[in-house]
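Inspection log for the structure reproduced underneath, given as structure tokens.
Treat the numbers as computed from the prediction; the structure is a model and nothing was measured.
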Amino acid sequence: RLFVANLPYAAQESQVRDVVAAACGDATLVQDINIVVDRDTGRSKGFAFVDLASEAALEAVLSAAGAGDGHGSSRGGMELAGRRIAVQRARAR
């Protein structure tokens with residue numbers, strides 16, 4: 001599972017899917033996207049969680065983002081709507 005931050009507030013699930021799919025090379029590997037919204041306003045909080053079908057797909061996205069081992073935040077090679085997004089491995093709850 002990936003944590004994707006610094007998303008534009010207007011980002012749609014399909015846009016996040018397209019960016020992640022391009023990084024892992026296969027849209028079918030993106031299983032679920034959850035853009036977190038404020039429960040009072042319904043507005044995006046600017047981050048999302050993305051579930052991928054395999055560890056290899058996850059590693060490919062982290063590599064494309066320049067996240068190295070996936071434990072640190074990255075503002076590397078992925079952009080959405082002209083904005084660099086941070087991608088890292090999500091921490092367990």
Side-chain angles (χ1 to χ4, degrees):
R1 186 169 219 198
L2 292 173
F3 173 75
V4 181
N6 203 36
L7 293 173
Y9 292 122
Q12 299 293 314
E13 183 179 310
S14 61
Q15 294 173 300
V16 176
R17 180 178 303 278
D18 290 346
V19 169
V20 174
C24 71
D26 186 352
T28 64
L29 296 175
V30 181
Q31 292 185 322
D32 188 43
I33 297 172
N34 179 20
I35 296 176
V36 178
V37 297
D38 182 278
R39 73 177 93 171
D40 295 328
T41 65
R43 182 177 169 190
S44 167
K45 289 189 171 189
F47 65 93
F49 293 96
V50 179
D51 292 321
L52 299 168
S54 70
E55 183 68 21
L58 186 138
E59 293 296 334
V61 175
L62 291 173
S63 178
D69 65 2
H71 296 292
S73 179
S74 167
R75 296 202 166 216
M78 293 176 67
E79 289 190 5
L80 178 61
R83 192 172 177 160
R84 288 188 175 190
I85 57 175
V87 180
Q88 66 186 31
R89 188 181 299 268
R91 296 182 196 156
R93 289 184 181 181

Does the side chain of Leu62 come within less than 4.5 Å of Leu2's, by heavy atoms? yes
For Gln31 and Leu52: C-alpha separation, side-chain torsions, deciding distance, then whether side-chain contact (heavy atoms from CB on, under 4.5 Å) applies. CA-CA 5 Å; Gln31 292 185 322; Leu52 299 168; over 6 Å; no
Could you tell me if the side chain of Leu80 sits less than 4.5 Å from the side chain of Arg83, heavy atoms only? no
Can you sort out the partners of Ala60 under side chain to side chain contact (heavy atoms under 4.5 Å, CB included), two or more places apart, ordered by chain and number? Cys24
To the nearest 0.5 Å, tell me how far Ile35 CD1 sits from Tyr9 OH. 13.0 Å
Side chain to side chain donor-acceptor pair (under 3.5 Å): pairs with one or both residues in residues 42-53, sequence neighbours excluded: Arg1-Asp51
Between the CG atom in Asp26 and the OG atom in Ser54, the distance rounded to the nearest 0.5 Å is 9.0 Å
Does Val16 belong to the same Ile/Leu/Val/Met/Phe/Trp/Tyr cluster as Leu29, with side-chain heavy atoms less than 4.5 Å apart forming each link? no
Test side-chain contact (heavy atoms from CB on, under 4.5 Å) applied to Val50 and Val20, Val19, Val61, the passing residue: Val20
Flag the pair Val4 / Phe49 as yes when at least one side-chain heavy-atom distance between them is below 4.5 Å, and no otherwise. no
Check whether Phe47 and Ile85 end up in the same hydrophobic cluster, where Ile, Leu, Val, Met, Phe, Trp and Tyr are linked by side-chain heavy atoms less than 4.5 Å apart. no
Could you grab the distance from atom CD of Gln12 to atom CG of Leu7, nearest 0.5 Å is fine? 11.0 Å
Which atom of Met78 lies closest to which atom of Ala23, heavy atoms considered: CE-CB, 4.0 Å
Can you name the salt bridge (charged side-chain N to carboxylate O under 4.0 Å, His left out) partners of Arg17, sequence neighbours left out? Glu13
